[in-house]
Amino acid sequence: MPSLTLLEIALPTPLRRRFDYLPPEDMSESELQRLSAGVLVRVPFGHQEMTGVLIQTKTHTDQNIEKLRPALAIIDQTPALDSALLELILWAADYYQCPEGEALSTALPVLLRQGEAAEERRETCWQLTTEGKGLPAGALKRSPKQALLLEALQAHNKLSRSDIAALEIPATIIKTLTDKGIIEKTFADETTPKTPASIFRQAPLTLSDEQQIAFDQISFGQFQVSLLDGATGSGKTEVYLQAIAKVLEHGQQALVLVPEIGLTPQTIARFQKRFAVEVAALHSGLNDRERLDAWLHARSGKARILIGTRSAIFTPMPALGIIIIDEEHDGSFKQQDGFRYSARDLAVVRANRLQIPLILGSATASLETLNNAQQGRYQHLHLHARAGNAKPAEIQLLDIRGQTLTEGFALDTKIAIGNEIAAGNQVLVFLNRRGYAPTLECHDCGWLANCPHCDVRMTVHQTPRHLHCHHCGHQRPVPHKCPSCKSSRLQPLGQGTERSEIALRDWFPNTPIIRVDRDSTRNKNAMDKILNEVHQGEPCILIGTQMLAKGHHFADVTLVVIIDADAGLFSTDFRGPERMGQLLLQVAGRAGRAEKSGRVILQSHHTDHPLVQTLFFKGYQAFADLILQERQITQLPPFRYLALLRAETKRPEIALEFLKLARHEAESIFPSSPQLNYLGPLPAMIERRGDRFRFQLQFNSAQRKPLHLLLTQLVEKLDANALSKRVRWAVDVDPSEMG
DNA sequence: AGCACGCCGACT
DNA sequence: GTCGGCGTGCTC
């Protein structure tokens, strides 16, 4: 008698264990033998049904065999995840102390999780119905667009959605003709992908000497991490493109990760213009079906290049030959909830396992990466020259201590903006705070508009006029009278982009003022419209948040104004100064990119602060070295390894009690020592958020290994404790935000 | 996490 | 009389 085969499955629950199932009832023994890890399985779970990932088949279970239920179905015989990727995800779940099932489900496209078959969709097309075919040429004359579509279909038999769009026929016409019974939906013919004669659509550029030297240092076919260090416009992208060309020539695939706001149609177009191979993109603008399609194309090898944001690091690519991470210092590579992984760090692991090169590009590399380069673990490649012979911008630190500011602008700043506009140039004003003003204050009693659910002030917004909490989303009307003293003298306090926009409009009534922040670009295509307008090159003033600093090129901007260079200098988060430096340099880099030379004005109350001085007069490397020295003294990353145990509850005592227990347990596993020590429980930076009180316990270790060991044992202990069920808690390994 | 079951307050 | 509040218990 053959021994019973059981399925060990990881399910998307926070429960840190796997579940055993009997095979589906209709499954034959031979089919069962062929099952491999990574296959998706539909199973009953409690009163629900869910999709899990098969980890292995086995013959023994520690459960009562009577309790096992049969799985419902194997979704697809071919594994959704190949074994290398499955192992990477399981490794990451362990490293980040995240339940396996949760990690696996973050890594899988939503549709697969919902039980959809992992099949490529055939493109929908439209064709003429029998009735439609009976229509004479030149019919439907009264509607030119309808006639055009009819004519096109008479000529081409089948047209896809994009074919029709290319004829400038709106989607409503498709619906009208479908309703009239003239056309009908069908599928595209199965096309065999044609192998392009050349991988190039456009010949590669000739590399500069510096680019060539950098490129020559990249070794293919083996594990190697390169920090490609060069300012915006120094030609990093050309090095990426040629490195990609190299792996494509070997029949391999390339994975490119970019920051969340960096994945614009222009970015994708840049790769498509160069290469004649299929380029797939994974970004937040896609719907679930489009995501699955891009994912499937990468997995089948049809797509040779995949460009994506953070989660694209988990895409199966059977012939991956290189990983490139652009703007590697960007915070969006670390997920901030659920499975708190760092795509950049996992890229190092993935590249190492596959023995392929990884390129980390940045002009303002993270201190972790810089330190790795200094220690010789990564090679450090430099690109100094700015493309097109552009001169570096001239930096002016404007000391605003004691100066009268109108709407946040010093008089000199205002004059400089006016001069630049008069000379026919464009100006960029950077203020990293959206809304009209950070809060509302009562001039008579000092009342401040606090959020009823969080320990933060509510931001005043002007259009539409309301108070908005940027932490929980709570909104309310702006009061006419002070709720505390009934005074009507309520005034907005501080400066936001909306307010600066209004002030600039008032001062420069004949110049277009273009605001760029999350509010002004909320609508689809809003950003494209803005970019088009700016690229016309007419004089204008751009005012916006960090959205302006990342990714977009404004060739005609000759003056960059930074309203408040001090934000971040004294932040509670130890990474504040590092982030400030990266952001300021990025903004400053927007000036003078073309023939025109640029100028940057930084308004600051701390022009003589050593970090500010170093950053602007000695450069980023010196600035980074200064911070690194500090980090070494204060025992912080990258010299030490951190983890946080975060806990939140509606009643503060419970979260606090939970963390006290956690600390006690931690002490009993590893007594606190200089090698591995504990801090807390402490209240989070914003103690109450969305009506929940938040606390955290900090772990600081000289090495990764003991910290990981401690966390694993601690989580197990906590999981077994009843208190843990009454608390929303999570471990954050290598946290990027300490709040 | 979901989702059930289970025992106490204000309303169609 | 019910609808529904969230406490707690379970999921192979």
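The shown structure was predicted, so the numbers you read here are calculated from the model rather than taken from an experiment. Chain A is the first sequence line, chain B the second, and so forth, proteins listed ahead of strands; every chain is numbered from 1.
There is no side-chain donor-acceptor pair under 3.5 Å between A:Arg340 and A:Gln335. Remark: the A:Ser362 side chain and the A:His329 side chain contain an N/O donor-acceptor pair separated by less than 3.5 Å. Checking A:Gln97 against A:Thr712 by side-chain atom types alone, a donor-acceptor pair falls below 3.5 Å.
Rounding to whole angstrom units, CZ of residue A:Arg728 and P of B:dG2 are separated by 11 Å. At whole-Å resolution of the value, CD in A:Glu66 and C1' in C:dC12 are 13 Å apart. Per the geometry, CD belonging to A:Glu49 stands 15 Å off C1' belonging to C:dC12, to the nearest Å. In this structure, A:Asp719 places its CG atom 11 Å from P of B:dA1, rounding to the nearest Å. B:dG2 atom C1' lies 13 Å from atom CG of A:Leu11, rounded to whole Å. Rounded to whole angstrom, the span from the CE atom of A:Met50 across to the C1' atom of B:dC3 amounts to 10 Å.
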Set out, line by line, the N/O atom pairs under 3.5 Å between protein and nucleotides 3-11 of chain C.
from   : atom 1 : to      : atom 2 : distance (Å)
C:dT11 : O3'    : A:Gly46 : N      : 3.1

Nucleotides 5-7 of chain B: which of its N/O atoms have a protein N/O under 3.5 Å away?
none

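Heavy atoms only, all atoms of each residue included: A:Arg344 and A:Glu328 are closest at NE-OE1, 2.9 Å.
For the side chain to side chain contact (heavy atoms under 4.5 Å, CB included) criterion with A:Val279, the lone passing option out of A:Val256, A:Ile307, A:Leu306 is A:Ile307.
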Check against side-chain contact (heavy atoms from CB on, under 4.5 Å), A:Thr649 and A:Arg728:
CA-CA 6 Å; A:Thr649 45; A:Arg728 201 185 267 189; 6.0 Å; no
Between A:His461 and A:His470, is the ring-ring contact (aromatic ring centres under 6.0 Å, His included) condition met? List the steps.
CA-CA 11 Å; A:His461 281 251; A:His470 287 177; 5.2 Å; yes
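A donor-acceptor pair under 3.5 Å is formed between the side chain of A:Lys334 and the backbone N or O of A:Asp734.
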